Asks: 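Here you go, one structure.
Because only heavy atoms are used, hydrogens play no part in the values below, and waters and symmetry mates are left out as well, while side chains stay in. Chain letters run A, B, ... following the sequence lines, proteins first, then strands; residues in each count from 1. On a predicted model such as this, the values are computed, not experimentally measured, just so you know.
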Amino acid sequence: MWTDSQIQALRAALLHWYDREGRILPWRVRPEDRAAGATPDPYAIWLSEVMMQQTTIPHGTPYWHKFLTLYPTVEDLAAAPLDDVLTHWAGLGYYARARNLHKCAAIISEAHQGRFPETKAELLRLPGIGDYTASTIAAICFDQPESIVDGNVERVIARMHRVATPLPKAKPEIRRLAAALADPDRPGDYGQALMDLGATICTPRAPSCDLCPWSDECAAYAHGDMTAYPIKTPKKETPVRLGHAYVMLKDNQIWLRRRSEAGLLGGMMEVPGSDWQSERPDFSPPVEAEWSRLTAPVRHVFTHFELRLDIHLAQVMTDPPGDGRWVAVSALHTQALPSLFRKVLDRANVT
DNA sequence: CACGCGTGGAT
DNA sequence: TATCCAAGCGT
């Protein structure tokens with residue numbers, strides 16, 4: 001495909017662009033800081049990579065700052081109750097990440113003397129660390145010559161080569177092409193540079209090819225069909241599910257219930273409600289009361305279905321079953337709920 | 001390997 | 001309003 005000298009030139013052009021135009025993400029250790037002796041903290045890098053999985057930088061960054069303040073070291077995180085971690089994670093989504101984060105912190109803290117393993121193969125054994133995160137930690141923190149491939153890199157590589165195979169089937173091919181280009185001398189900087197190029201220049205809708213250091217060698221640019229890549233297999237439409245939510249007021253408090261540990265929103269607190277099904281379940285509140293229903297349902301879109309919840313509101317005199325999953329909290333303490341339930345309480349105007 | 005798994009911003 | 005999709009992982 002490319003000669004060695006072409007590959008060298010591409011690497012140099014990318015790193016040169018990154019040095020001048022690359023974003024300074026808060027967890028990034030800049031070259032001048034490295035020269036001054038600074039070295040990336042694997043705990044901080046791991047935390048950032050897990051938090052940014054399928055998450056936008058602006059949404060995730062405040063959580064990263066908050067966690068580093070609450071839990072400055074991996075031992076601090078391991079020592080915290082899982083419930084606290086889930087509470088602070090609320091709103092970030094994909095809650096299995098938080099459960100795996102806490103589990104991983106315990107393993108690092110107890111079985112690895114508080115140190116992260118330095119190779120991709122060892123990192124891959126840890127919960128919540130997959131191919132991308134293992135490669136990234138190994139490359140950034142330990143200068144391992146690993147090729148970093150996230151969604152940004154997939155897009156850049158697919159355009160550079162006009163990869164004809166649709167995603168996700170094309171992943172192995174894209175990995176190979178990316179690895180052939182990756183810089184083994186500065187794997188961390190190279191990987192972050194390529195991700196940043198994808199995030200800021202080689203964007204999904206309207207790429208800024210006139211600013212791109214790689215446009216001369218980009219096959220899609222040469223053909224003028226950049227936005228056709230990466231080709232994707234069409235996704236199936238999201239079904240609709242229906243349900244009821246019961247906003248139970250006890251004086252100035254609200255009854256919440258803990259969800260089961262597995263599955264959707266696992267382990268998180270919820271506004272109690274029915275199952276969510278394609279046919280609307282029967283109205284069946286946990287306790288007898290004078291229930292009133294809000295006119296419009298709350299609509300919430302998950303990754304794989306759309307939910308429409310009828311909201312019912314009542315002052316309740318009797319307590320729900322004391323099975324340990326129920327708790328009454330003040331309205332001030334409802335911000336640590338998944339966004340769906342914050343939306344429900346907001347609609348019911350009780351926050 | 002296809003699917004389950006959140007949320008919010010951009011267009 | 002509808003659609004896309006973001007520094008993916010586990011099963």
Side-chain angles (χ1 to χ4, degrees), chain A residues 18 22-23 25-28 44-64 86 89-101 103-104 123-137 139-140 146-156 166-172 175 178 188-200 202-207 227 230 232-241 259-268 270 276 299-307 337-343:
Chain A
Y18 189 53
R23 292 177 303 175
L25 301 184
W27 46 88
R28 175 181 164 204
I45 296 296
W46 165 69
L47 195 57
S48 76
E49 294 306 334
V50 172
M51 282 186 168
M52 301 310 146
Q53 290 165 5
Q54 293 292 285
T55 303
T56 57
I57 303 289
H59 189 48
T61 298
Y63 286 83
W64 182 77
L86 288 173
W89 194 274
L92 200 48
Y94 286 138
Y95 297 94
R97 291 185 295 169
R99 299 194 296 274
N100 284 329
L101 190 83
K103 195 181 305 178
C104 183
L123 287 161
L124 269 175
R125 297 197 204 113
L126 296 166
I129 297 184
D131 190 272
Y132 161 79
T133 305
S135 298
T136 304
I137 295 173
I140 293 178
E146 300 294 347
S147 169
I148 296 174
V149 180
D150 74 334
N152 292 303
V153 176
E154 284 180 349
R155 184 170 56 254
V156 174
L167 286 173
K169 191 184 294 286
K171 281 177 182 289
R175 275 192 228 282
D189 287 336
Y190 173 90
Q192 292 175 88
L194 192 49
M195 290 191 281
D196 208 50
L197 185 77
T200 63
C202 195
T203 54
R205 312 270 178 116
T227 56
K232 300 194 172 182
T233 55
K235 57 185 64 174
K236 56 177 66 172
E237 61 195 271
T238 62
V240 174
R241 293 189 198 171
R259 296 174 63 82
S260 68
E261 317 306 319
L264 186 70
L265 306 172
M268 301 299 292
E270 68 172 355
W276 305 335
R299 186 169 162 282
H300 189 81
V301 181
F302 291 99
T303 307
H304 51 298
F305 67 93
E306 173 189 331
L307 179 63
L337 290 170
S339 294
L340 162 63
F341 301 115
R342 282 194 279 113
K343 198 184 297 184

Asks: Which nucleotide in the set dC4(C), dA7(C), dT7(B) lies at the smallest distance from any side-chain heavy atom of M52(A)?
Replies: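 Among the listed nucleotides, the one closest to the side chain of M52(A) is dA7(C).
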Asks: Quote, to the nearest angstrom, the C1' distance that separates dG8(C) from dC1(B).
Replies: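 Here dG8(C) and dC1(B) have their C1' atoms 15 Å from each other.
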Asks: Expressed in whole Å, how much space separates the P atoms belonging to dC9(C) and dG8(B)?
Replies: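 Here dC9(C) and dG8(B) have their P atoms 22 Å from each other.
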Asks: To the nearest 0.5 angstrom, please state how far the CZ atom of R28(A) sits from the CG atom of D196(A).
Replies: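 Between atom CZ of R28(A) and atom CG of D196(A) there are 7.5 Å.
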Asks: Whole-Å distance between dA7(C) P and H59(A) NE2?
Replies: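 From H59(A) NE2 to dA7(C) P: 13 Å.
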Asks: Taking atom P of dG8(C) as reference, at what distance in whole Å does atom CZ of R155(A) sit?
Replies: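 It works out to 10 Å between those atoms.
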Asks: Is it the case that dG8(B) (base atoms only) and T55(A) (side chain only) share a donor and an acceptor within less than 3.5 Å, ignoring hydrogens and angles?
Replies: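 No, no donor-acceptor pair under 3.5 Å.
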Asks: Classify the side chain of T303(A) and the base of dG6(B) as holding, or not holding, a donor-acceptor pair under 3.5 Å.
Replies: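 Under the 3.5 Å cut-off, the side chain and the base do form a donor-acceptor pair.
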Asks: Is the CD atom of E261(A) crowded by more than 12 outside heavy atoms at less than 6.0 Å?
Replies: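 Enclosed.
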Asks: In this structure, how many angstroms lie between the C1' atom of dT7(B) and the CZ atom of F341(A), rounded?
Replies: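 Atom-to-atom, F341(A) to dT7(B), this comes out as 14 Å.
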Asks: Within 45 degrees of the ring normal and closer than 6.0 Å to the centroid, is that where the cationic atom of R97(A) sits relative to Y63(A)?
Replies: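 R97(A) over Y63(A) ring: no.
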Asks: Examine the side chains of Q53(A) and Y132(A) and answer whether a donor and an acceptor come within less than 3.5 Å of each other.
Replies: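 Not at all, the side chains of Q53(A) and Y132(A) share no donor-acceptor pair under 3.5 Å.
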Asks: Please tell me which of K169(A) and V301(A) maps to the more 5' nucleotide of DNA chain B, matching each residue to the nucleotide holding its nearest heavy atom.
Replies: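 That would be K169(A).
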Asks: Looking at every strand, decide which applies to P338(A) at a 4.0 Å heavy-atom threshold: base, sugar-phosphate, or nothing.
Replies: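 Here P338(A) touches the backbone only, sparing every base.
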Asks: Please check if the side chain of T233(A) supplies one atom and the backbone of L167(A) the other of a donor-acceptor pair under 3.5 Å.
Replies: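 Confirmed, T233(A) side chain pairs with L167(A) backbone.
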Asks: How many angstroms lie between atom CG of L307(A) and atom OG1 of T238(A), to the nearest 0.5 angstrom?
Replies: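 Going from CG on L307(A) over to OG1 on T238(A), the span is 11.5 Å.
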Asks: Using a heavy-atom cut-off of 4.0 Å across all strands, would you classify T133(A) as base, sugar-phosphate, or nothing?
Replies: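 Counting heavy atoms under 4.0 Å across all strands, the contact made by T133(A) is with sugar-phosphate only.
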Asks: Quick one: is R97(A) getting a side-chain N or O under 4.0 Å of the dT7(B) phosphate, OP1 or OP2?
Replies: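 Looking at the OP1 and OP2 atoms of dT7(B), neither is under 4.0 Å from any side-chain N or O of R97(A).
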Asks: Name the nucleic acid region contacted by L265(A), choosing base, sugar-phosphate or nothing; use a 4.0 angstrom heavy-atom cut-off, strictly under.
Replies: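 Counting heavy atoms under 4.0 Å across all strands, the contact made by L265(A) is with sugar-phosphate only.
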Asks: State which of dA7(C), dT7(B), dC5(B) makes the closest approach to the side chain of I57(A).
Replies: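 The nucleotide sitting nearest to the side chain is dA7(C).
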Asks: Between T56(A) and P127(A), which is nearer to the 5' end of DNA chain C once each is assigned its nearest nucleotide?
Replies: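 With P127(A) and T56(A) compared, the 5'-side residue is T56(A).
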Asks: Which is true for W64(A) with a 4.0 Å heavy-atom rule: it touches a base, it touches only sugar-phosphate, or it touches nothing?
Replies: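 No contact.
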Asks: When you check the phosphate oxygens OP1 and OP2 of dC5(B), does a side-chain N or O of H304(A) lie under 4.0 Å from one of them?
Replies: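 Affirmative; the distance criterion is met.
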Asks: At under 4.0 Å between heavy atoms, what does G60(A) touch on the DNA or RNA strands: base, sugar-phosphate, or nothing?
Replies: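 Counting heavy atoms under 4.0 Å across all strands, no contact is made by G60(A).
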Asks: Rounded to whole Å, how long is the line connecting atom CZ of F305(A) with atom C1' of dC5(B)?
Replies: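 Atom CZ in F305(A) sits about 10 Å away from atom C1' in dC5(B).
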Asks: Determine the contact category for K236(A): base if any of its heavy atoms lies under 4.0 Å from a base atom, sugar-phosphate if only primed atoms, P, OP1 or OP2 are that close, otherwise nothing.
Replies: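 Sugar-phosphate, backbone atoms only, no base.
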Asks: Send over the distance from K232(A) NZ to dT3(C) C1', rounded to a whole Å.
Replies: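 So the two atoms are 12 Å apart, to the nearest Å.
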Asks: Does Q53(A) put a side-chain nitrogen or oxygen below 4.0 Å from OP1 or OP2 of dG8(C)?
Replies: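 For Q53(A), the contact criterion (side-chain N or O under 4.0 Å from OP1 or OP2 of dG8(C)) is not met.
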Asks: Tell me what R99(A) touches on the nucleic acid: a base, only sugar-phosphate, or nothing, going by heavy atoms under 4.0 Å.
Replies: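 Result for R99(A) = nothing.
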Asks: Taking the P atom in each of dG4(B) and dA7(C), what is the distance between them to the nearest angstrom?
Replies: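 Pairwise P distance, dG4(B) against dA7(C), rounds to 24 Å.
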Asks: Taking H59(A) for its side chain and G91(A) for its backbone only, find out whether a donor-acceptor pair lies under 3.5 Å.
Replies: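 Yes; judged by distance alone, with no hydrogens or angles, the pair exists.
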Asks: Find the distance Y94(A):OH to dC5(B):C1' and express it as a whole number of Å.
Replies: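 These atoms are roughly 5 Å apart.
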Asks: Give none if dC9(C) has no partner; otherwise give the nucleotide forming a Watson-Crick or G-U wobble pair with it, both distances under 3.5 Å.
Replies: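 WC or wobble partner is dG4(B).
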Asks: In whole angstroms, how far is the C1' atom of dT11(B) from the CZ atom of R205(A)?
Replies: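 Whole-Å distance recorded here is 5 Å.
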Asks: Quick one: N100(A) CG to dG10(C) C1', roughly how many Å, whole number?
Replies: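 Going from CG in N100(A) over to C1' in dG10(C) covers 8 Å.
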Asks: Between dC5(B), dG8(C), dT7(B), spot the one nearest the side chain of F302(A), thanks.
Replies: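 Closest of the options to the side chain of F302(A): dT7(B).
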Asks: Give a yes/no answer on whether the side chain of H300(A) brings an N or O atom under 4.0 Å of OP1 or OP2 in dG6(B).
Replies: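 For dG6(B), neither OP1 nor OP2 has a side-chain N or O of H300(A) closer than 4.0 Å.
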